[in-house]
2 protein chains.
Amino acid sequence: MEKSEPLAFLDHDHSQCRRTALKCANNQGLRLTKWRQLVLDLLLEDHRSMGAYEILNRLECNGVKPQPPTAYRALDFLVEHGLAHRIEKLNAYVACARPDACQSAGFIICKECNIVAEVECSPSNPELLRVAANVGFDAESTVMEVEGICSNCQNND
Amino acid sequence: MEKSEPLAFLDHDHSQCRRTALKCANNQGLRLTKWRQLVLDLLLEDHRSMGAYEILNRLECNGVKPQPPTAYRALDFLVEHGLAHRIEKLNAYVACARPDACQSAGFIICKECNIVAEVECSPSNPELLRVAANVGFDAESTVMEVEGICSNCQNND
DNA sequence: ACAAATCTGTTATAATGTTACACTCTCACT
DNA sequence: AGTGAGAGTGTAACATTATAACAGATTTGT
């Protein structure tokens with residue numbers, strides 16, 4: 001498994017992705033409460049992105065369907081602790097593909113199948129950061145997203 | 001005026017920005033209808049980003065307050081023709097700062113003052129694009145946004 | 001065992017964005 | 001000038017995404 005392979009678009013052993021992520025979550029001393037665990041499980045099913053309400057509709061615990069804040073709280077927690085990422089372009093979420101090695105991530109988004117591949121790469125565009133630094137801008141977070149059609153969906157037309 | 005100066009964060013003659021943008025809009029043979037013109041005027045007031053509903057609330061023509069689709073239609077048109085950009089991180093819009101020379105833009109977003117500086121730079125992060133190309137991904141659009149605090153707002157704390 | 005901090009349940013509401021359809025206007029062509 | 005196609009507008013309703021506020025329950029550290 002190479003550093004910057006967009007696994008999501010390649011054949012791979014996805015159960016391995018899940019295991020790594022879950023192990024990582026458990027080793028960080030985080031409080032993985034009921035809802036957080038359930039949301040993480042949903043996101044880890046595959047590399048598709050899910051909207052908060054799609055998650056909400058699939059959340060259910062002992063027959064109880066939670067309200068929006070429940071999903072958003074769990075998502076905020078997972079994002080904050082690096083177990084998930086928010087995809088701004090889609091207003092949606094994906095499980096972090098490399099929680100063990102996630103420094104700075106860019107995303108490759110297929111708008112046909114909703115699969116999102118995460119790529120470890122240098123933070124932002126170098127020119128952009130340089131220009132920002134030049135005017136004394138204090139950069140806190142970066143969005144790097146590329147949207148298009150994955151190889152698989154190109155062939156399905 | 002240098003190619004990649006983040007004018008928005010520098011002292012500059014903003015009326016020049018407006019003139020360039022308006023001239024550019026008029027020279028492209030576009031149909032700049034009433035609402036499109038009004039929305040463009042609002043966005044060109046400065047380099048702050050504006051949400052669709054903020055725009056909507058300030059739109060008004062002969063005492064008529066339009067409905068949401070009016071704002072979104074005008075914004076879609078302006079974005080499609082390169083006169084404005086959507087900022088994904090904010091769900092908001094800015095006037096294009098260089099409609100005469102806008103190939104591929106990144107954005108530097110101050111979360112204090114909402115000023116958004118546009119920087120002409122190579123499309124996306126090179127590593128990200130390379131990885132995408134490697135798996136036959138057909139990239140159509142790119143989001144490059146850096147959020148933080150501008151120099152001016154750092155000093156105002 | 002207790003207090004503080006964190007998490008949850010719940011109601012309500014805000015903010016953002018879209019669909020659908022009827023009507024009007026503009027432009028190119030005869 | 002008339003006219004038909006395409007583009008733009010007005011309007012109502014609705015869909016989606018996200019947050020505020022507050023009370024109650026649970027966990028944690030001491």
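Protein chains get the first letters and strands the later ones, always in sequence-line order, with residue 1 at the start of each.
Between the CZ atom of A:Arg31 and the C1' atom of D:dT26 there is a distance of 7 Å, given to the nearest Å. In this structure, CG of B:Leu38 is placed 16 Å from P of D:dG8, rounded to the nearest angstrom. Rounded to whole angstrom, the span from the CD1 atom of A:Ile55 across to the P atom of D:dT16 amounts to 15 Å. Nucleotide D:dT28 holds its C1' atom 15 Å from the CG atom of A:Leu30, rounded to whole Å.
Legend: ring pair (Phe, Tyr, Trp, His ring centres under 6.0 Å) pairs involving residues 116-144 of chain A, not counting sequence neighbours, sorted by first then second residue: A:Phe137-B:Phe9. Listed by first then second residue, pairs satisfying ring pair (Phe, Tyr, Trp, His ring centres under 6.0 Å) with a partner in residues 47-68 of chain B read B:His12-B:His47, B:His14-B:His47, not counting sequence neighbours. Every pair tested for ring pair (Phe, Tyr, Trp, His ring centres under 6.0 Å) that includes a residue from residues 20-41 of chain A fails, sequence neighbours excluded, so the list is empty. The salt bridge (Lys or Arg N to Asp or Glu O under 4.0 Å) analysis of residues 52-71 of chain A, with sequence neighbours excluded, yields the pairs A:Glu45-A:Arg58, A:Arg48-A:Glu54.
Computed from C1' positions of five pairs at each end, the angle between the two local axes of the helix from C:dA1-D:dT30 to C:dT30-D:dA1 equals 40°, rounded to 10 degrees.
No donor-acceptor distance shorter than 3.5 angstrom exists from the side chain of B:Glu127 to the backbone of A:Cys121, with no hydrogens or angles considered.
Looking only at side-chain heavy atoms (C-beta outward), B:Cys113 and B:Asn152 stay at 4.5 Å or farther from each other. The side-chain heavy atoms of B:Cys150 and A:Val135, taken from C-beta on, include no pair separated by under 4.5 Å. Side-chain contact between A:Cys17 and A:Leu44 is absent, with no heavy-atom pair separated by less than 4.5 Å.
A residue-by-residue look at B:Phe77 and A:Gly51 shows that B:Phe77 has its nearest nucleotide of DNA chain D further toward the 5' end.
Residues A:Val143 make up the rest of the hydrophobic cluster containing B:Val143, defined by ILVMFWY side-chain heavy atoms closer than 4.5 Å, directly or through other members.
For the atom pair CG (B:Leu40) and CG (B:Leu75), the distance works out to 10.0 Å, reported to the nearest 0.5 Å.
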Below 3.5 Å is the cut-off: list the nitrogen or oxygen pairs between protein and nucleotides 9-15 of chain D, distance only.
residue : atom : partner : partner atom : Å
D:dT9   : OP1  : B:Thr33 : OG1          : 2.9
D:dG10  : OP1  : B:Lys34 : NZ           : 3.4
D:dG10  : OP2  : B:Trp35 : NE1          : 2.5
D:dG10  : N7   : B:Arg73 : NH1          : 2.9
D:dG10  : O6   : B:Arg73 : NH2          : 2.5

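Within residues 78-86 of chain B, no residue places a heavy atom under 4.0 Å from DNA chain D.
A:Lys111 is linked by a side chain to side chain donor-acceptor pair (under 3.5 Å) to B:Glu140, counting only residues two or more places apart in sequence or in another chain. For A:Asp138, there are no salt bridge (Lys or Arg N to Asp or Glu O under 4.0 Å) partners two or more places apart in sequence or in a different chain.
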Could you list the donor-acceptor pairs under 3.5 angstrom formed between side-chain atoms of residues 78-88 of chain A and any protein atom two or more places apart in sequence or on another chain?
residue : atom : partner  : partner atom : Å
A:His81 : ND1  : A:Phe77  : O            : 2.9
A:His85 : NE2  : A:Glu118 : OE2          : 3.1
A:Arg86 : NE   : A:Glu88  : OE1          : 3.3
A:Arg86 : NE   : A:Glu88  : OE2          : 3.4
A:Arg86 : NH1  : A:Tyr93  : OH           : 2.9
A:Arg86 : NH2  : A:Asn91  : OD1          : 3.0

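From the 5' end on, the contacts that DNA chain C makes with chain A at under 4.0 Å to a non-hydrogen atom open and close at C:dT6 to C:dT11.
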